[in-house]
Amino acid sequence: MHLKLTDVTVHYGKVQAVKNVSLEVDAGDIVALVGANGAGKTTLLRTISGLHPPTAGEIRFMGQRIDHLRPAQIVRLGIGHVPEGRKVFPSMTVLENLLMGAYSRRDRGSVREDVESVYQHFPVLAQRHGQLAGTLSGGEQQMLAIGRALMSKPKLMLMDEPSLGLSPIVVEHIAEIIASINKTGTAIVLVEQNVALALQLANRGYVMATGEIVLHGKSSDLMQNEEVARAFLGR
Amino acid sequence: MTGAEFTQTLLNALMLASVYVLMASGFTLIYSIMHIVNFAHGEIYMLGAFAVYYFSMEYHLNFFLALVLAILVVGVLGILLERVLFLPMQQAHLPQVILSLGLAMALQGIASVAFGAGDRPVDGPFDTVLRFGGAAISMERLIIIPISVAIMIALFAFVKWTRTGQAMRAVAQDSDAAALQGIDVAFISCLAFGVGCALASAAGALIAPVFYVNPFMGGSVIMKAFIIICLGGMGSISGAAVGGLILGFVDSFGATLFGNSVANIIGFALLIIILLVRPQGLFGR
Amino acid sequence: MTRQLQLAALVLLLFLVPLFLTSNFYLHMFIMTAVNIIMATSLWLILRSGQLSIGHAAFMAIGAYTSALLTMRAGLPFPMAMPLAGIMAAVIAVLIGYPTLRLKGLFFALVTFAFAEIVRSIFNSFGKDLFGGPSGISAIPHPSFFGIELATRASYYYLVLPLMLLTILVVYRIDKSRIGMNLVAISQADSLAESLGINIMKYKIVAFVIGSFFAGVAGSFFAHYLRHISPESFTFWLSVYVLIYVVVGGLGSIMGPIIGACTLSLFSESFRTFGNYEPIVFGVALILVVMFLREGVVSLPGRLLPLTQRAGEALRGSRIAARLRGP
């Protein structure tokens, strides 16, 4: 079990955002986490990454408890996070952004190679390597955010709404990248409002509503599921 | 204005600008990373002046050594203050601003009790007075300019090329995203506050031989800082540099042409105009 | 006892204070606290509209100088000079507010700061025969109502008390009225309020002008009480102190500025016995309050209540346990 959440509850002040969530991610998985806006998906990812402490429950990564570690420590353990809204560093160049992704790495020597491999995934980033990230298009920023997360050589990647606001062609490209990242051995938790996309890419899925997991299973089963179909797939 | 007066005023402007730039860079660095207005900045500047006083006048160290020590000591003090006072408050910005106000009061009070309210003179490193074309300027004023330039270059290099400096820029631009890259935001905040204080201390230490040192010398510093970062843009170090230059010239030429009080008013009027016309400053986003 | 009866009793008690406290020192403390309450409450109204002002002292200065000059140069009687001083402050607030209230947050705060410094510089360096330069104006006459001169501390107390109550009343009524609701809406989300048709600028100006009016009135009282004013009496730090009264007291209700001004005035007056150490003690006290009492001193009762409850429970629990253990 790569990542295991057990009965995780998260509050913002008095408001309960996530309630008793349990989920598992195995090595090599792509796990989809879908649900409507405000269901608590982003909160859950932020909690896994240590940006927000859980009020109750356990989070284990590779057997180790991480729920009260600081974000920097969690990154070093091998969890990468592509945040909602991209959040690239706008006044830094593409290259500087990628180098920031490698901040936690001790093996400085191979950082250059990894920059090259990100450029191979995303040639447009190579073209714009000296450009300020704030001036990139939405799709390019998304690629940069993914590339930046890859720089820390994560064992698990949390991706929060990578398709948001992007055109179908760009989304397709990104979907290919996600699949190929997974093939190299990185497990992925994919939060998406584009449920069809998420379930196609993933092998398993969880459906969240008002902070709780209401449904989970193999993605093929979920796609057949009537409620899911009605709620998200428009059938 | 005669040629000699002009040269004099110009050199004075450059000297003032050099001090302002250091002080304002520290102020804006703290603002950009901690998102607070550090009301204790003037008192830190004052502590830098006192530090150089003690190291050079009481312990009789070489002035430049005293300068370096003053910068280091106050910088470390800044890191400690951040760690002990601000960090536990976890990003609550308005209360942190008020905390800096309390800190300013306490520091000024401690200084006036510990050092006494009187003025203390600090001997500059050189006694010489340079003269060109009728203008006279003492070496201790002139030396401020290259030292300040050197410190600013070091600062820019640090922020642009070192990993830690880049981490600071990242935290300033998006602290959540920075945390997700493995940057220890708490540590960076401490460091930023320390560097900000070190810069203020440098400003105070450099100006110490020129004006007297007393516990109240930091009082009006915060006002200059406000004007400068509004001119240059909040959170931008290059903005602070340009703003400091502009204000140095306004203050120096304004004082020579119209007297101190009018020069003061011009500075504040400039602030209001900039806020109405281009609130983000010259370099702000 | 109903709320209103409690308030009436409190007000009555306030009026009776000089009968019990005859020492000048204590009366002075009460008077200065009242002045601080007027300043804090009027600033609170401005803060309610979502605008941060760190130049409130400027309007106090304008009121003070206006009142002094009207009584000393124009020969106006005090009962006319005081309201006119407030109006002068209000007029200048309109002039400054119109072009600048559209700025938000820190930007507006900086404008108020710059404005306050400009005002102070003008009083300091211009019109020396009018404003008295750095030494200011001295021998300001006692307030005199229809021939009766207020010369004792107690009489000053009886002048400032109704002014304070009036300020609190007016600000309270405004806060509770539609204007007040709108102000809070505006402070939470300008754009949302705007989309609901609330004319933002109008309300911000109203809050700013009324707040400045009362600061002017406080200034007028201050001038005729201390009978000497100078630019040094109205520095940036005074504006900051007033802001601290409000924030430390708590922004949520009108009790905040009142309690904040009371506690901190008491602090600083009693710290005066610390002499040179006063700023240190005040500064440290401020730091401690801000670190440990986040919602302000107003929240203190709320915080203490659970503690007393828990103590009570613990006590009860140990008694029950003792009984269960048997004789």
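These numbers come from a predicted model, not from an experiment. To find a chain, count down the sequence lines: A is the first, B the second, and so on, and within it residues start at 1.
Interface remark: B:Leu85 contributes backbone and side-chain atoms alike to the contact with chain C (heavy atom separation under 4.5 Å). Within the 4.5 angstrom heavy-atom criterion, only side-chain atoms of B:Leu271, from C-beta onward, approach chain C. Contacts of C:Ile244 with chain B are made by side-chain atoms alone, with heavy-atom separations under 4.5 Å and no backbone atom involved. Neither the backbone nor the side chain of B:Ala117 comes within less than 4.5 Å of any heavy atom in chain C. Proximity to chain B is limited to the side chain of C:Leu286, based on heavy atoms less than 4.5 angstrom apart.
Judged by distance alone, with hydrogens and angles left aside, the side-chain atoms of C:Ser233 form no donor-acceptor pair with the main-chain N or O of C:Ile229 at under 3.5 Å. Counting only distance, with no hydrogens or angles, the side chain of B:Thr28 and the backbone of B:Met234 share no donor-acceptor pair below 3.5 Å. Judged by distance alone, the side chain of B:Ser175 and the main-chain N or O of B:Val171 form no donor-acceptor pair under 3.5 Å. A donor-acceptor pair is defined here as one N or O able to donate and one able to accept, closer than 3.5 Å; no such pair exists between the side chain of B:Ser252 and the backbone of B:Phe249. For C:Trp44 (side chain) and C:Gly256 (main-chain N/O), no donor-acceptor pair under 3.5 Å exists by modelled atom type. At least one donor-acceptor pair under 3.5 Å links the side chain of B:Glu82 to the backbone N or O of B:Leu87.
For residues 107-127 of chain C, every residue pair satisfying the salt bridge (charged side-chain N to carboxylate O under 4.0 Å, His left out) rule, not counting sequence neighbours, is listed here: C:Glu117-C:Arg120, C:Arg120-C:Glu232.
Residues of residues 125-138 of chain C placed with any heavy atom under 4.5 Å of a heavy atom in chain B are listed by number as C:Ser125, C:Phe126.
For chain B, the option among C:Thr235, C:Ile122, C:Ile118 with the highest count of heavy-atom pairs below 4.5 Å is C:Ile118. Note: C:Val111 leads C:Asn124, C:Val111, C:Leu52 in heavy-atom pairs under 4.5 Å with chain B.
A distance below 6.0 Å separates the ring centres of C:Phe113 and B:Phe268. When ring centroids are compared, C:Phe108 and C:Phe208 come within the 6.0 Å threshold.
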